[in-house]
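Chain naming here is simple, since letters A, B, ... match the order of the sequence lines and numbering starts at 1 in each. The figures here come from the full heavy-atom set of this structure, side chains too, leaving out hydrogens, waters and symmetry mates. Just so it is clear, the model here is predicted, and its values are computed rather than measured.
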Amino acid sequence: MPELPEVEVVRRGLERWVAGRTIETVEVLHPRAVRRHVGGGADFAERLRGETFAVPQRRGKYLWLPLAGRDLSVLGHLGMSGQLLVQPEDAPDEKHLRIRVRFTGSGGSAAEAAGTELRFVDQRTFGGLSLHENTADGLPDVIAHIARDPLDPLFDEVSYHLALRARRTTVKRALLDQSLISGVGNIYADEALWRARLHYERPTAHLTRPRSAELLGHVRDVMNAALAVGGTSFDSLYVNVNGESGYFDRSLDAYGREDEPCRRCGTPMRRRPWMNRSSYFCPRCQRPPRVAS
DNA sequence: CTTCGATCCTGGTAGC
DNA sequence: TGCTACCAGGATCGAA
């Protein structure tokens with residue numbers, strides 16, 4: 001499942017392979033992949049013809065490709081299974097290929113990019129691409145409500161702490177709320193909570209300033225660690241992104257470790273159904289709040 | 001306004 | 001073997 005680090009790896013890959021290239025044609029092979037584009041697939045393709053991609057940007061799990069000289073961007077979200085691939089034009093279509101972008105012969109910074117195209121591949125179709133006007137900040141207008149992410153230099157820690165204190169919710173819900181902090185998904189939420197020794201149902205209203213600062217620090221650490229591992233995979237003709245990078249195989253302390261020993265205290269880790277998904281935690285290191293209901 | 005649960009989707013797998 | 005049920009989960013939307 002792509003979260004912030006995986007999306008950043010994709011953004012870097014796009015910067016290398018796609019920035020500066022001019023679109024010749026766009027082919028939409030599945031309508032769900034453009035469902036956020038108001039005009040539909042034909043309009044999406046038509047409006048992109050002849051445009052040139054500028055340097056890709058990212059906030060949280062969203063990434064976008066601004067169109068050079070225009071106040072428009074192609075916004076992308078990978079959902080659960082989305083991939084953006086740079087492939088040779090003659091490579092066979094992927095089974096779940098949803099959108100193809102062909103480029104003109106010139107432009108782009110990487111000479112090796114010649115003869116390649118951009119493909120959006122997505123098995124579960126939760127992701128997609130769409131074209132939007134930018135706000136004054138250069139952000140696609142439909143993601144104006146997405147908070148800055150923890151790796152953004154302008155992320156405001158004090159405001160974040162105050163927002164947590166004001167909420168009547170639990171800490172994991174707050175971590176996944178993209179309007180408070182963006183880029184955190186189920187996996188990194190469980191990892192950061194384990195590192196912070198916080199149970200996922202702890203109320204945010206009770207978090208002290210040092211405690212929320214510590215939690216935020218762990219969120220940043222776990223993301224930076226993932227980025228350090230995944231950050232090497234984009235240096236090829238394959239702009240990759242799926243949740244099974246090396247990081248996921250080796251470095252998770254909480255997510256997916258039901259019944260395995262806690263790496264701190266050896267107690268078997270537990271999994272609990274939570275919000276139509278799962279929460280993994282150590283019952284000894286991460287004690288549940290006293291009461292609740 | 002805030003909070004919370006249902007919903008979208010497909011492929012792999014567990015269970016019968 | 002073949003079928004069904006369930007699980008993964010980010011973002012959105014509507015209900016309370």
A/E94 and A/Q87: side chain donor to acceptor below 3.5 Å: yes
Lys/Arg-Asp/Glu bridge criterion (N-O < 4.0 Å) met for A/R119, A/E117: yes
Summary of ring-ring contact (aromatic ring centres under 6.0 Å, His included) pairs that have at least one residue in residues 113-147 of chain A, sequence neighbours excluded: none
Remaining members of the apolar cluster that contains A/Y62, side-chain heavy atoms under 4.5 Å: A/W64, A/L75, A/L139, A/V142, A/I143, A/I146
Atom pair CG/NE2 of A/L129 and A/H77 - distance to nearest 0.5 Å: 12.0 Å
ILVMFWY clustering at 4.5 Å (side-chain atoms), partners of A/V38: none
Co-members of the apolar cluster containing A/V158 [side chain, <4.5 Å]: A/L162
Relative orientation of the end axes in the helix from B/dT2-C/dA16 to B/dC16-C/dG2, expressed as an angle to the nearest 10° (five pairs per end): 50°
Within residues 92-100 of chain A: residues closer than 4.0 Å to DNA chain B (heavy atoms): A/K95, A/H96
Interface residues of residues 29-44 of chain A with DNA chain B (non-hydrogen, below 4.0 angstrom): A/R32
For residues 147-154 of chain A, run the donor-acceptor check on the side chains, cut-off 3.5 Å, and write out each pair with its distance to 0.1 Å, sequence neighbours left out.
from, atom 1, to, atom 2, distance (Å)
A/R148, NH1, A/D152, OD2, 2.9
A/D149, OD1, A/L151, N, 3.0
A/D149, OD1, A/D152, N, 3.0
A/D149, OD2, A/R58, NH1, 3.1
A/D149, OD2, A/G60, N, 3.0
A/D152, OD1, A/L154, N, 2.8

Span of DNA chain B, from the first to the last nucleotide whose atoms fall under 4.0 Å of chain A heavy atoms: B/dT3 to B/dG11
Side chains of A/T22 and A/T52, donor plus acceptor under 3.5 Å: yes
Pair A/R263 + A/D253, salt bridge at N-O below 4.0 Å: yes
Sugar-phosphate, base or nothing in reach of A/R168, heavy atoms under 4.0 Å: sugar-phosphate
Chain A footprint on DNA chain C, 5' to 3' - any atom under 4.0 Å from a heavy atom: C/dA8 to C/dT12
Polar side chain donor-acceptor pair, A/S279 to A/R272, under 3.5 angstrom: no
Ion pair A/R270/A/E258, N-O distance below 4.0 Å: no
Name of the residue among A/E89, A/R102, A/R21 meeting side-chain hydrogen bond (donor to acceptor under 3.5 Å, both in side chains) with A/T116: A/R21
With sequence neighbours excluded, residues passing ring pair (Phe, Tyr, Trp, His ring centres under 6.0 Å) with A/F281: A/H199, A/Y200
5′-ward residue of the pair A/I146/A/M80 relative to DNA chain C: A/M80
Comparing A/N276 and A/R167 on DNA chain B - which has the more 5′ nearest nucleotide: A/R167
Counterpart residues, ring pair (Phe, Tyr, Trp, His ring centres under 6.0 Å), relative to A/H96 (two or more places apart): none
